[in-house]
Amino acid sequence: MITLTIDGQPISVTPGTTAMDAALANGIDIPRLCHHPDLKPSGGCRLCLVEVDGRPNPIPSCGLACEPGMVIRSQSDQLTALRRDTIDLFVSDHPLDCVTCDKAGACALQKYAYDYGITETSHDFKLGRTLYQNDNPFFIRDHQYCILCAKCVRVCDEVIGAHAIEIVDRGFGSHVATPFDVPMADSNCVFCGSCVQVCPTAALLPVSRLKQGREWELEHKKTICGYCGVGCGIDYRTKGNHIVYAQGYPEAPANGEFMCVKGRSGWDFAQHPDRLTHPLVRKDLARELGLSAEAWTLGPTQRAALADFVPVAWETALDLVAAKLAAAVKAAGPDAVAGLASARCVNEDNYLFQKLMRAAIGTNNIDHCARLCHASSVSGLGMAFGGGAMTNPIRDIRDADCLFVTGSNTTESHPVISYEMVRAVKSGASLIVVDPRQIPLTEHATLWLQTRPGTDHFVFLAIAHVILREGWADRDFIAGRTEGFDEFAASVAPYTPEVAALASGVPADKIVLAARMYALGERARGASKYAAESERGHSGIFWAMGITQRSEWD
Amino acid sequence: MKPEELPILADKEKALQASKTCRLLYCSSTACVASGSGAVKDGLTRALKDNPAGKAAALAQTGCMGLCSHGPMVRVEHADRPSTLYEYVNGEAAARIVADELAGQAPAAIAPESAGRVLPQDIPFFTRQTKVVLARAGVIDPERIEDYIAHDGYTALTRALGMTPEQVCDEIQRSGLRGRGGAGYPTGLKWQHVRSAAGDKKYVVANGDEGDPGAYMDRTLMEADPHSVLEGMIIAAYAVGAQQGFFYVRAEYPLAVKRLERAIRMATRQGLLGKNILGSEFSFAVDIRIGAGAFVCGEETALMASIEGQRGLPRMRPPYPAQSGLWGCPTLINNVETLGAITAIVNKGADWFHGIGTEKSKGTKIFALTGKLNNTGLIEVPMGITLREIVYDIGGGVAAGRSFKAAQTGGPSGGCIPAEHLDTPVDYESLKALGSIMGSGGLVVMDDTSSMPAVAKFFMEFCVDESCGKCVPCRVGTVQIQGILQKVVDGKAVQADIDRLERLCVTVQRTSLCGLGQSAPNPVISTLRYFRDEYEQMLGAAASARAEVSA
Ligand SMILES: Cc1cc2nc3c(=O)[nH]c(=O)nc-3n(C[C@H](O)[C@H](O)[C@H](O)COP(=O)(O)O)c2cc1C
Ligand code: FES
């Protein structure tokens, strides 16, 4: 830890911390437009200048590494004057349309213009960019509001790894564009919307948000995304029980501010007219039982599809289901009934459902869709680690030194996890991909072992073989935590890299290299976060259905 | 090759050259190519072929001979008497030169400025110069490594390899050499930083981007003596412990690129580059990277981004390249002229180099002397020479009988120096004190017909075009400054505009991210400092007031 002073306040930080981060962590707010805690410092907006004792010129705090004993001031007359002049330049190139702007209230430039009392520019108003692009269903690009903080470009590069956009041209004519200005859909864009999320102005806005009211009219409804197991936090901005747009929020443990296309844009079902909101009973049954229909407006596509159903009240429907289940149990015993639950429901609902089956009906005939995908991993992980779930929080991934990915097309199946992997790689981690397919992650991979389909286990066995042969295994760790290790070691003895190479088509030297990188936690570049505590880097294995659902083993 | 083979190669080449009755050297640097040295080469070749004595003479190309405004230039060297220099040579004159020289006849006197006239070599333009970095320029054939070796080439490398890397760094530091790329950072100190930086992998970069408008020192050096820069770079790599080097040269310099490529190829073939250089443990490889002609790519961090294949944008420093440069590895980045001075320092010693120049600025500096002068061209002068000597002795005074108004140094990052400071010694500190900078070596002389606000506007337009757009003061501020200058020049500005101009200049200077923006206002600030009356006379209100008075 090193100690320094910011605005008279003594502050302790770990070496390498920037003055900006040190200040923010200690409740000192420094104006900033291009800084983002998840992105590398850029230094383009110049608002975060601070004074440092002994340095003749103000220095941007976002790029200033803290040094012991530094004395920093974030506020002074000089800094206020420079910041006012800088904001003045920004607004000479940015329409002050705040009264009609959808971003008003959430716009960072508006905030600083307010803070520093800039009502209009003292210069000639000149717009560097005027393009308006609405070439995709998800977001618009209104370049006149762009302040070229490049957060969108950086998030796409540093976090998402899509590299869909870059700043083109230079100087006053700089603007953000896809390569060769192709429409967004023809670019590498995955429409995760992270660029929209980090945009400080109205340059990038969700289509669904346009003209849907002022920011302060919208409510926050925080929830968890239901699409996959990552469990991203979403903050739905709603108005009158309608979702206006979705955004991430920094405190969300799994994803922070970033989401995938599904989480960010796949919520239209919630307010779709076709959504089922009423219990339905088959028409013939309803007639037979003399059930009365509820008044209910059907969506346009439902009208045809549900022509054979009658909407009924919840009470009526529940009574009917209870009576039918009771009759079945009475006639043939509880085991005549079976229940199948879904991973699309929350854990609590699943718990209650099995309770219903076991306690109320009295049967153990209860299963879950995860039987298909997760049973093997639950038992495997349970045996190996004592619990059938991920061993680490998602946020650990970014600090890993070596990532070993197999049986997972992470970019498509768990995009938010792939962001963490991209971040790790961008900061110097090595990435080993074992997959027969050229999945998007191979683009970031240090080493891609392209196995013939169905032969990956040869590679794994050979890697274990090499680690043991080369003495890279951590014997103490193994002795303290495993049983039957010698049998395991004997079982991998025949699987030399050469044997695996023959079976899998992966060259033996690549298998040896992968074994070394994984075993020693070797980085592609840069220093490990764990350098102080351990000699080896930290490696992680990441697998998904490509492994759990493999059936053959020869 | 082993070190002991080097003198053998040198002697062989010397013997070959001595076996000729005379050597006809024509300049094949870009300026002379543009003024027609291709035709001169053809003329010389044909005349030699037609002349029975032609076989005994040698014909060779060289790099720049200096007085570019008098090109194409030809020099004829004899073993037994001083050489003759011819100016404004064309195809016809070439034939006459060959005939005269082979017959041993003195060239006939002809009218000034006519083709193929003899240019005396004892004029101040030549005698007031001190050639250290350019010592071989215009003397050797830049495309033949043998010629370079015959002129002490690669002897400095041999010597350096006999020293420890620390000793080499020390030697450079003691010489007092400072970076010629503009900032004037002590070169030896920079080498020490890179040497002591942690990391196995290190890089050396030669900055040959040379973006200042009108400057062509670096291009000339790379064209005229590519091996000397290469040798300097190899020595630097040895001193700092680098394994890979890059020349970064702009795409507008195809001849320099071609000659560097050739130099790298030849040096590699001779074992002076590549694995186990001169039989030592030291290995070093060099590649060329071509820039796409952005001024900002000469800035070291933008340059490195460009080499890495990214958009050439500067980034915040620290970390400095010496700590974290190319691909995060410690990187030494030096201007090509800086590297060009290394061989002389290693060969002649730090003390010798230290003896040239002023207290804090040592050695010589190359300037591209342009503007309203009688003699323009490329000059190398000792630090501390006065502007007056450069303008009046070397430059031959202001052309067309006009009077001197200002000298602009440092290009778009520099300032204008008025007549009252003509006796200022040219060194880093003195120029800075006058509100200008040494810069990379552009020196433009303006006469009394130049309008200083217009000059300032010219440089600001350059900066507007060349701003990378990353930071707001430079991206937007330069456009606003240019707008005000346009108003001034159009006679539409008022006093409030000048006040806004001054404030804006300070904001851009103080808040810009890199040297481009930080120095972009310099030409405005310095012309306001010395020629404010010109701005005021152009004010709209003042102009109309004057109109009223005279009415
Ligand atoms: C806008 C800008 C342009 C520059 N252009 C060049 C250039 O063309 N050549 C050069 O050698 N240095 C240039 N520099 C300076 C380099 O950043 C760097 O200081 C220099 O190459 C270091 O070499 P030296 O220590 O040998 O001078 C430029 C700097 C700035 C700010
Ligand atoms: S936040 Fe530091 S320069 Fe923008």
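Naming convention: chains lettered A, B, ... in sequence-line order (proteins, then strands); numbering from 1 in each chain.
For chain B, the nearby parts of A81(A) are the backbone and the side chain; heavy atoms of each come within less than 4.5 Å. Heavy atoms closer than 4.5 Å to chain A are found in the backbone of P318(B), but not in its side chain. Contacts between D88(A) and chain B at a heavy-atom distance below 4.5 Å are absent for every atom of the residue. For I167(A), the parts lying near chain B are the backbone and the side chain together; criterion is any non-hydrogen pair under 4.5 Å. Heavy atoms closer than 4.5 Å to chain B are found in both the backbone and the side chain of L148(A). In this structure, no portion of D497(B) lies under 4.5 Å from any heavy atom of chain A. Heavy atoms closer than 4.5 Å to chain B are found in both the backbone and the side chain of D124(A).
Heavy-atom pairs under 4.5 Å with chain A were tallied for L313(B), L513(B), V296(B), V464(B); the largest tally goes to L513(B). The residue among S512(B), C329(B), C463(B) with the most heavy atom pairs within less than 4.5 Å of chain A is S512(B). With chain B as partner, the option from S42(A), G428(A), C34(A) having the largest number of non-hydrogen pairs under 4.5 angstrom is S42(A).
Taking the side chain as every heavy atom from C-beta outward, K201(B) and R525(A) never approach each other to under 4.5 Å. Counting only heavy atoms from C-beta outward, the side chains of L504(B) and H123(A) approach each other to under 4.5 Å. Between R170(A) and E466(B), the closest side-chain pair of non-hydrogen atoms falls below 4.5 Å. Put simply, the side chain of Q310(B) does not reach to within 4.5 Å of the side chain of D157(A), judged on heavy atoms.
Heavy atoms of other residues, nucleotides or ligands lying less than 6.0 angstrom from NZ of K360(B) number 12 at most. Within 6.0 Å of atom CG in D200(B), 12 or fewer heavy atoms from other residues, nucleotides or ligands are found, so the atom counts as exposed in its surroundings. Within 6.0 Å of CG on D499(B) lie more than 12 heavy atoms contributed by other residues, nucleotides or ligands. Open room surrounds NZ on K432(B); 12 or fewer heavy atoms of other groups in view lie less than 6.0 Å from it. Annotation: F125(A), atom CZ; neighbour count of heavy atoms from other residues, nucleotides and ligands within 6.0 Å is above 12.
When all heavy atoms of S174(A) and C468(B) are compared, the pair lying nearest together is OG-O, 3.5 Å. Considering every non-hydrogen atom in both R46(A) and C471(B), the closest pair reads CD-CB, 3.9 Å. Residue P56(A) comes nearest to R510(B) through the heavy atom pair O-NH2, 3.6 Å, listed as atom of the first residue, atom of the second, then distance.
For a heavy-atom cut-off of 4.5 Å, chain A lies close to V472(B), P473(B), R475(B), V476(B), G477(B), V479(B), Q480(B) in residues 472-480 of chain B.
Put simply, CG on L79(A) and OG1 on T511(B) are 11.5 Å apart, with the number rounded to the nearest 0.5 Å.
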